[in-house]
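Only one structure is covered here, and it is reproduced in the block below.
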Amino acid sequence: MTNKMWGGRFSSAPAEIMEEINASIDFDKRLYAHDIRGSIAHCKMLGETGIISADDSNNIVQGLNKILSEIEDGTFEFSRSLEDIHMNIESRLMEMIGPVAGKLHTARSRNDQVATDFRLFVRETIDHIDRQLHDLQVQLSHKANTYAAAPMPGFTHLQVAQPVTFGHHCLAYVEMISRDRGRFQDARKRLNENPLGSSALAGTSFPIDRDFTSKELEFDRPTANSLDAVSDRDFVLETLAAATITAMHLSRLAEEIVVWVSAQFGFISLSDAFTTGSSIMPQKRNPDAAELVRAKSGRLLAAFTSLIVTLKGLPLAYSKDMQEDKEATFDALDNLSLCIAAMTGMVADMQVDTNMMKKSAGSSYSTATDLADWLVRVLNLPFRQAHGITGQIVSLAAERKIPLHRVPLDDMQKIEANITEDVFDVLTVANSLRSRTSFGGTAPKNVRRAAKSWIKKLEKEG
Ligand code: ARG
């Protein structure tokens, strides 16, 4: 049997292997709701403009709604020989209402149809991800507020560098996620144009009303060039780029969680809800969810890479290569959504050991910069010179295996004669933190203000 949708000039059926490579129904059936929504908008427009009769239009719309329920209640039978979601639905419509179903495809092609479906899908997914990222920001901001003054070591090179607060660290991720959300919103703005009516590639001779379908489908406007509309997928690329960057951010937090829960750090613990045991080592509690979030960023980048390579060098307009845009995108966005949910759960779940963090915050001469700053501020030394003096004091302390604030004043004075008793004030973690009041700095009062302002802002978003 030849294909009943396009088999007019064919006399025999495709080879089995042809069907195997060509059919997309196994994965694009996921677009059924978007496909039907697009078809209903198109069909209403055909009725409104008088391209088909109002009766035919109503008939078709009714049929499409019935198909929607069939798919939703699981009674619809998908067929591979009908290739894709578009033809599966149209064929069922034909069975249901007869040849009048064939009028639906007037002034339309699968090329503008699939471009429309995919835009609707990606737009909806962006909105869902935005909501999830909002919820993750809420969790992080509350943690930040609770731990606005809780000292933890700030690291560079994963070496203790200067004290910060745990709240400050949490808010760093709130900022990252806010930019991630911004990138998704930028992508959404640009994707929100309606390809429907571009037809196969050149537009159509029928007097269609593209503003009508744009409004029905909540697009801002129709796309301005029919060739561009059916052949570009940059809206998917932009979304995958935003998704990849988000996943990269999540993977950094995931890695920190893995490090923090280790016995060597002991900064936080995760409950049974977000850890797993070992089948051989009874004592183990592994942060698998965090490790998987860390790992999954790879497949996000893979999806982006796969699509950009698929599109590179493709001549205008549509080529079947573009059917390869879907599977990796579904996989990437599904996994991102899963990662955000897991991360939100872990942030809510984590128990913070403020004592361990505090102890570590004061280790490894973390207030050495405060000492150097004191020499600059009080003794008016150039910073480079202060840096050198501090280095000598640190190495003295290291030799004797004592913290900076235990180095006797006269030993410090042997290195720099003008140092006074006052210097000890800046060597404590609490004072170091309190002094970091520059805008964006880690002083607890800054952090509390920033956390509260985020909480308010996020609440306003609803
Ligand atoms: N299944 C196809 C896809 O996803 C739909 C468009 C087919 N268009 C065509 N000219 N064969 O890309």
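These numbers come from a predicted model, not from an experiment. All ligand and atom numbering here is 1-based and tracks the order in the structure.
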Practice item. Ignoring hydrogens and angles, state whether a donor on the side chain of Thr310 or Glu324 is under 3.5 Å from an acceptor on the partner side chain. Key: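 Per modelled atom types, Thr310 and Glu324 side chains form no pair under 3.5 Å.
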Check your understanding: Under 3.5 Å, is there a donor-acceptor pair linking the side chains of Arg123 and Asn192?
Key ->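 On atom types as modelled, these side chains qualify, holding a pair under 3.5 Å.
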Point to revise | Partners meeting side-chain contact (heavy atoms from CB on, under 4.5 Å) with Phe78 (sequence neighbours left out) | key: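 With neighbours one apart ignored, the set is Ile25, Lys29, Ile71, Phe76, Ile85, Asn88.
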Review point. Which residue pairs pass the salt bridge (Lys or Arg N to Asp or Glu O under 4.0 Å) test when at least one of the two sits in residues 133-146, sequence neighbours left out?
Key: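 Salt bridge (Lys or Arg N to Asp or Glu O under 4.0 Å) check on residues 133-146 returns Arg131-Asp135.
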Review point. Does NZ or CZ of Lys44 lie under 6.0 Å from the centre of the six-membered ring of Phe212, at an angle within 45° of the ring axis?
Key: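 Ring-cation test returns no.
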May I have the N/O to N/O pairs between ligand 1 and the protein that fall below 3.5 Å, each with atom names and distance to one decimal?
| residue | atom | partner | partner atom | Å |
| --- | --- | --- | --- | --- |
| ligand 1 | 1 (N) | Ser24 | OG | 3.3 |
| ligand 1 | 1 (N) | Asp84 | OD2 | 3.1 |
| ligand 1 | 1 (N) | Gln323 | OE1 | 2.8 |
| ligand 1 | 4 (O) | Lys326 | NZ | 2.5 |
| ligand 1 | 8 (N) | Asn111 | OD1 | 2.8 |
| ligand 1 | 10 (N) | Asn111 | OD1 | 3.0 |
| ligand 1 | 12 (O) | Tyr318 | OH | 2.4 |

Review point. Can you name the residues that form a side-chain hydrogen bond (donor to acceptor under 3.5 Å, both in side chains) with Arg299, not counting sequence neighbours?
Key: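 Testing Arg299 for side-chain hydrogen bond (donor to acceptor under 3.5 Å, both in side chains), a comparison that skips the adjacent residues, returns Asp331.
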